[in-house]
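Every chain is numbered from 1 and lettered A, B, ... according to where its sequence line falls, protein lines coming before strand lines. What you see below is based on every heavy atom in this structure, not just the backbone, and it leaves out hydrogens, waters and symmetry mates.
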Amino acid sequence: MQSFIAAMPNLKLSRNSHLPFVFKPKLVPASIDDPIKLLKKAADTKNLRTGKTIHAHLIVSGEPSKSVDIFQANSLINLYAKCDQVSIARHLFDCLPKRNVVSWSALMAGYLHNGMALEVLGLFKTMVSVDGLCPNEYIFATIFSSCSGSGRVEEGKQCHGYVLKSGLLSYEYVKNALVHMYSSCSEVESAMRVLNTVPGGDILSYNSVINGLLEHGHVREAMEMLGMMVSQCMDWDSVTYITVFGLCARLKDLRLGLQVHGQMLKNDIKCDVFLSSAMIDMYGKCGKVSNAANVFDRLQERNIVSWTAIMAAYFQNGYFEDALGVLSKMGNEDILPNEYTFAVLLNSSAGLSALRQGDLLHTCVEKSGFKDYVIVGNALINMYSKCGNIQAANEVFLDMTCRDSVTWNAMISGFSHHGLGKEALNVFQDMLAAGECPNSITFVGVLSACASLGLVQEGFYYLNQLMKQIGIEPGLEHHTCIVGLLSRSGQLDQAEKYMRTMPVKWDIVAWRTLLNACHVHRNYGLGKQVAEVVVRMDPNDVGTYTLLSNMYAKSRRWDGVVKIRKLMRERNIKKEPGVSWVEIRNTTHIFVSDDNMHPESSQIHEKVGELLAKIKPLGYVPDIAAVLHDVEDEQKEDYLSYHSEKLAIAYGLMKTPTNAPIRVIKNLRICDDCHAAVKLISKVTNRLIIVRDANRFHQFQDGRCSCADYW
DNA sequence: AGGTCCTCGG
């Protein structure tokens with residue numbers, strides 16, 4: 001095998017490995033009985049070192065005059081292909097004087113495993129047209145799989161015809177691969193036709209079809225398929241369990257999930273990293289974090305996917321700190337995050353509005369080279385947007401080389417939440433120009449943008465014309481946007497009429513939108529009626545009582561205020577205290593209205609007094625009507641000064657450089673008085689102040705707010 | 001001597 005040996009480029013063992021065996025003969029038996037068998041074993045266990053040693057042995061012991069042993073050559077190609085050394089496999093292949101079908105199939109499988117599906121299709125053409133070889137069932141299994149990987153259904157369909165005529169479709173491997181090709185290329189009908197009309201086939205085909213259905217959102221059909229599979233009494237393999245757990249996760253069907261878990265234990269299925277991750281995911285999506293943590297804690301073997309799955313389970317159930325905490329535990333075991341991990345971490349930071357944490361993660365993303373993954377870019381946009389830094393979100397957006405619909409939606413709704421309707425609509429225009437198809441989420445952002453700009457006609461145009469054209473059925477959330485749109489422009493009666501006449505099953509969010517509008521437009525008559533509806537829908541919602549009591553107070557109906565307080569006492573509803581927080585360097589400072597817990601409390605109060613004195617000449621009048629009537633008049637102003645957001649902003653002004661923006665997060669809606677005060681504070685201090693309240697973002701700058709006094 | 005299915009984000 002002389003030419004073959006000479007062609008072998010990478011034979012010298014890696015720098016830190018042992019010297020070639022000729023100097024250490026005891027490492028390898030003097031003669032190898034069955035090198036083919038050993039090479040197969042090395043390939044199957046991905047043991048490149050052993051494989052190379054055997055290769056070396058073959059070179060040294062080979063008779064120079066002997067011609068190439070095709071069996072040995074194929075085994076070597078297989079070895080390097082399996083060990084992710086495709087270029088070496090290719091080199092050996094190219095140097096072969098003669099190749100057979102096995103040589104081709106081994107090499108093709110190597111390319112396929114390295115994600116180079118198109119290369120496989122090219123090889124196939126050469127094999128047939130140049131070498132004139134006849135493809136067999138092995139080749140077609142690989143070809144169909146390559147078609148799945150590259151989305152080349154047309155080539156796959158031609159091969160489908162061939163395997164049908166030649167009878168190769170009777171091989172289960174071929175049939176499974178074909179079914180999988182159709183399933184993954186969203187031709188599920190064809191997949192089911194092959195599955196049902198060609199005799200034979202096994203559990204793998206069912207796995208493929210159910211997965212294909214799930215991936216394209218046909219959950220009901222996937223469930224039906226599961227039923228058919230169960231009725232055929234097939235033995236499930238571990239992929240079936242993974243598939244069915246995926247189905248449970250999608251349906252959030254905990255009962256089925258537990259049942260399948262039980263069956264899995266009974267049947268003594270080996271739980272590998274794939275299966276355990278699917279289980280963690282299922283429990284997470286079904287809201288059972290404790291079960292997910294249980295599965296995770298018992299794992300013998302964990303990989304990055306297991307870690308990301310448990311992290312995601314915490315995140316999806318609102319345990320953002322726990323999700324972030326997983327990162328350091330991972331670090332202890334020297335596991336490095338990947339793009340999915342970063343996406344979960346960034347979204348957890350977004351959930352906490354932890355800008356500092358998000359910034360740190362952004363740095364890690366840049367350093368570790370994951371910044372160009374779409375899911376990471378999307379998560380960065382989401383994080384910056386939810387943490388109140390919409391400019392940074394936009395920078396990430398503009399910097400992205402590859403965008404998907406989630407990217408566009410994140411930017412549109414980000415601008416909308418920040419009250420930047422114009423920017424949101426511009427991004428929407430760019431999205432259309434870029435050829436990205438909007439979906440129903442896009443239109444929620446677009447309609448909210450119309451609302452914040454008061455573009456009533458445009459809003460209706462998007463709802464009735466454009467959405468129809470694209471084929472998106474308006475849902476509850478779109479109709480709610482219309483309620484907001486009408487309300488915002490002051491057409492409260494129209495909004496109320498829209499809710500009364502449209503055949504929509506309105507939820508509490510829609511009613512609250514109308515209620516808010518009544519509050520902002522001081523239409524307390526309608527407001528009180530709407531509030532009654534909201535209270536009936538959720539008797540425990542503190543916000544509604546607060547709003548209602550506020551409306552009574554503003555219309556000086558103290559009897560109403562008393563009534564509401566009595567109602568709240570009876571129903572044992574406690575008023576949630578106002579809490580605001582602000583991040584200064586590495587620390588989050590928390591302020592609760594009316595308390596003096598902060599160590600610098602007296603300086604802060606002094607600062608608030610100073611600020612209020614500065615803005616009074618600009619027209620600030622404390623809104624004492626908003627304060628409950630049983631408080632002494634001279635105390636009312638004090639009450640207002642100690643609102644948590646005022647304390648947090650004052651502290652931010654004390655502790656940050658003069659040009660730094662201040663970001664405050666508040667648990668409740670910002671009150672009228674604070675809103676008016678902060679506008680003027682932004683003017684006298686010349687600062688950008690961003691407040692995220694329970695509903696939205698307020699960007700205060702130069703005496704104005706991005707919400708245009710509507711929130 | 002060679003081949004197929006699967007887990008983590010919105």
Side-chain angles (χ1 to χ4, degrees), chain A residues 35-37 39-40 43 69-79 81-82 100-110 112-113 120 136-146 148 171-181 183-184 201-212 214-215 237-246 249 272-282 284-285 303-313 315-316 337-348 350 373-379 381-382 404-407 409-410 413 439 441:
Chain A
I36 308 276
K37 215 172 193 175
L39 280 172
K40 179 174 159 52
D69 176 348
I70 188 85
F71 273 58
Q72 279 184 13
N74 288 346
S75 299
L76 285 168
I77 293 171
N78 179 44
L79 167 79
K82 285 262 176 62
N100 63 13
V101 184
V102 179
S103 330
W104 287 92
S105 72
L107 184 66
M108 286 157 98
L112 176 61
H113 266 113
V120 180
N136 62 8
E137 70 276 16
Y138 284 89
I139 297 288
F140 280 115
T142 309
I143 285 297
F144 287 138
S145 187
S146 304
S148 316
Y171 287 93
E172 278 188 356
Y173 277 121
V174 178
K175 183 180 168 184
N176 290 337
L178 181 61
V179 169
H180 177 247
M181 181 196 78
S183 303
S184 64
D202 56 17
I203 193 78
L204 270 68
S205 281
Y206 277 97
N207 295 346
S208 294
V209 170
I210 296 179
N211 270 313
L214 268 185
E215 197 149 293
D237 69 355
S238 78
V239 177
T240 317
Y241 282 96
I242 292 169
T243 302
V244 178
F245 281 133
D272 61 4
V273 280
F274 291 90
L275 188 44
S276 52
S277 296
M279 282 164 62
I280 294 168
D281 182 51
M282 182 275 292
K285 297 230 165 86
N303 66 5
I304 183 59
V305 181
S306 337
W307 283 96
T308 310
I310 188 66
M311 196 184 267
F315 163 74
Q316 283 150 359
N338 67 11
E339 70 274 23
Y340 288 98
T341 326
F342 276 120
V344 181
L345 289 166
L346 286 165
N347 287 327
S348 303
Y373 285 90
V374 190
I375 55 166
V376 175
N378 294 350
I381 294 176
N382 180 44
D404 64 9
S405 63
V406 179
T407 319
N409 290 348
S413 56
N439 59 21
I441 297 171

Under 4.0 Å between any heavy atoms, over every strand shown, what does A:F315 touch: base, sugar-phosphate, or nothing? Just pick one.
sugar-phosphate

With a 4.0 Å cut-off on heavy atoms, is A:E137 in touch with a base, just the backbone sugar-phosphate, or nothing at all?
base

Quick one: does any side-chain atom of A:D281 pair with a main-chain N or O of A:G284 as donor and acceptor, under 3.5 Å?
no

Would a 4.5 Å heavy-atom cut-off, applied to side chains only, mark A:N439 and A:N409 as touching?
yes

Using a heavy-atom cut-off of 4.0 Å across all strands, would you classify A:A109 as base, sugar-phosphate, or nothing?
sugar-phosphate

Check every strand shown and say whether A:V273 touches a base, only sugar-phosphate, or nothing at a heavy-atom separation below 4.0 Å.
base

Check whether any side-chain heavy atom of A:N378 lies under 4.5 Å from a side-chain heavy atom of A:D404, and answer yes or no.
yes

In terms of side-chain heavy atoms, does A:N207 have a donor or acceptor partner in A:T243 at a distance below 3.5 Å?
no

What does A:N136 touch in the nucleic acid at a heavy-atom separation under 4.0 angstrom: a base, only the sugar-phosphate, or nothing?
base

For A:N378, answer base if it contacts any base atom (sugar-phosphate contacts may also be present), sugar-phosphate if it contacts only those atoms, and nothing otherwise; contact means non-hydrogen atoms under 4.0 Å.
base

At a heavy-atom distance below 4.0 Å, which nucleotide of DNA chain B is the first touched by chain A, and which is the last?
B:dA1 to B:dG10

Taking any heavy-atom pair under 4.0 Å as a contact, classify A:S208: base, sugar-phosphate, or nothing.
sugar-phosphate

Looking for any heavy atom pair under 4.0 Å, which part of the strands does A:V102 touch: base, sugar-phosphate only, or nothing?
base

At under 4.0 Å between heavy atoms, what does A:D237 touch on the DNA or RNA strands: base, sugar-phosphate, or nothing?
base

Indicate, with a heavy-atom threshold strictly under 4.0 Å, whether A:K37 touches base, sugar-phosphate, or nothing.
nothing

Using a 4.0 Å heavy-atom cut-off, does A:Q316 contact any base of the nucleic acid, only the sugar-phosphate backbone, or nothing at all?
sugar-phosphate

Using side chain to side chain contact (heavy atoms under 4.5 Å, CB included) as the criterion, list what pairs up with A:I304, not counting sequence neighbours.
A:T308, A:M330, A:I335, A:N338, A:T341

For a quick check of understanding: with a heavy-atom distance under 4.0 Å over all strands, which category does A:V376 fall into, base, sugar-phosphate or nothing?
nothing

Within the structure shown, what part of the strands sits under 4.0 Å from A:N409 by heavy-atom distance: base, sugar-phosphate, or nothing?
nothing

Flag side-chain contact, heavy atom, 4.5 Å: A:N74 against A:N100:
yes

If I compare all heavy atoms of A:A343 with all of A:I375, which pair ends up nearest, and what's the gap?
CB-O, 4.1 Å

